[in-house]
Amino acid sequence: MSNLDIAAENPYFDQARSAALVNGRMGEQTPERLREIMTVLVNHLHAAIKEAEITEEEWMAGIRFLTDVGHMCTDWRQEFILLSDVLGVSMLVDAVSNERPEAATANTVLGPFYVQNSPHYPNGHNICLDGKGEPLVISGRVVDEAGRPVAGAEVDVWQTNDEGFYDVQQKGIQPDYNLRGVFTTDEQGEYWLKSVKPRHYPIPHDGPVGRLLTALGRHPNRPAHIHFIVRGEGFQTVTTHIFAPDCPFLASDPVFGVKKSLIADFRRVEDQALAEKYGLAAPFWHVEWDFVLVAA
Ligand code: BEZ
Ligand code: FE
């Protein structure tokens, strides 16, 4: 029997038919996709309440929690996205809606610290504007799935300093646009830049999502990473990170953003001649990282 038939046969509430009754109320003009999504959501919500035998007090606590999440949102703080992140939903929606070939650079969460219109720099520029931290060279290529260079691709990069803060979290302490910038690949698809080794840091955890993490016995620390958005003409834009392999939080990222293919090799270089080639003093860190783009 369809939900419509169930609701028509007996329109009054009872526990056994609760979800079918709600879904049977949808009008004929309801767009098909909305009908599909709402039917699944209502079915699962009703099933969860029945399975966990949620009490009125517990349901009110849930409503208060969601209300707090809403109150925490401002132009700068999106607590609902943070909630989606820590529930693994942001990563899941991305996986379901953006199927990518195995060989392509994997995507991961954007996060709240991206800034549009970062400065454009020539290759080799140092994005660390305050000279603090352990020097790091990031170099590599942007290629297509066949390994051919993608010239003129934009490599938009941002990261924390060595204390685990983004510039936007420390206005007046870090210079504006510290540790962020946009680089462009040359004819060989190559890019390179100087930076510093990033550090792990907590996601914003002074709100309801932070309280939820604490209640669940979870920590808020994202493993040390560097963010990238790579854009090439005629290619799908990829939003991704690279992760430092030695970070103690690698296996317990609160937002589930780590993918095995995104764990990079941060090599410590002692060779003074090599350091001079990059205009640095040894020792420094070096990550070689290629991005593989998929045709649009
Ligand atoms: C970030 O890596 O910047 C981030 C991602 C998701 C939630 C919070 C921060
Ligand atoms: Fe981040």
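The model shown is predicted, which means the values in this text are computed figures rather than measured ones. One-based numbering, in listed order, for ligands and for the atoms of each.
- Looking only at protein heavy atoms, the nearest one to atom 3 (O) of ligand 1 is Y201 OH, 2.7 Å.
- For ligand 1 and D85, the ligand atoms under 4.0 Å from any heavy atom of the residue are 6 (C), 7 (C).
- Every atom of ligand 1 is numbered from 1 in the order shown, and the set under 4.0 Å from a heavy atom of H227 is 1 (C), 2 (O), 3 (O).
- A salt bridge does not link R268 to D246: none of the charged side-chain nitrogens sits closer than 4.0 Å to a carboxylate oxygen.
- In this structure a side-chain-to-backbone donor-acceptor pair under 3.5 Å is present from N123 to W192.
- Atoms of ligand 1 found under 4.0 Å from any heavy atom of H225, numbered from 1 in the order shown, are 2 (O).
- The side chain to side chain contact (heavy atoms under 4.5 Å, CB included) test with H241 is passed by exactly one of I263, D253, T108: T108.
- Applying the salt bridge (charged side-chain N to carboxylate O under 4.0 Å, His left out) test to residues at least two apart or on different chains, none of the pairs has a partner in residues 80-89.
- Taking every non-hydrogen atom of I203 and a distance limit under 4.0 Å, the qualifying atoms of ligand 1 come out as 7 (C), 8 (C), 9 (C).
- In the hydrophobic clustering, Y166 connects to L110, F113, Y114, V115, W158, V168, Y177, Y201, I229, either directly or through intervening members, whenever side-chain heavy atoms lie under 4.5 Å apart.
- At a 4.0 Å cut-off, at least one heavy atom of Y166 sits close enough to ligand 1 to count as contact.
- Listed by chain and number, the protein N, O or S atoms at a distance under 2.8 Å from the Fe ion (ligand 2) are Y166 OH, Y201 OH, H225 NE2, H227 NE2.
- The protein heavy atom nearest to atom 5 (C) of ligand 1 is G111 CA, 3.4 Å.
- The 12-atom threshold is not exceeded at CD of E233, counting heavy atoms of other residues, nucleotides or ligands nearer than 6.0 Å.
- The distance from ligand 1 to the heavy atoms of L82 drops below 4.0 Å at these ligand atoms: 7 (C), 8 (C).
- A donor and an acceptor atom, one from each side chain of D94 and N107, are located under 3.5 Å apart.
- The side chain to side chain contact (heavy atoms under 4.5 Å, CB included) with Y191 is formed by just one residue from the set V157, D186, I138, T184; it is I138.
- Under the side chain to side chain donor-acceptor pair (under 3.5 Å) criterion, D5 pairs with S2, sequence neighbours left out.
- Scanning the protein heavy atoms around atom 9 (C) of ligand 1, the nearest turns out to be P112 CD, 3.2 Å.
- One distance of note links CG of L82 with CD of Q78; it measures 9.0 Å at 0.5 Å rounding.
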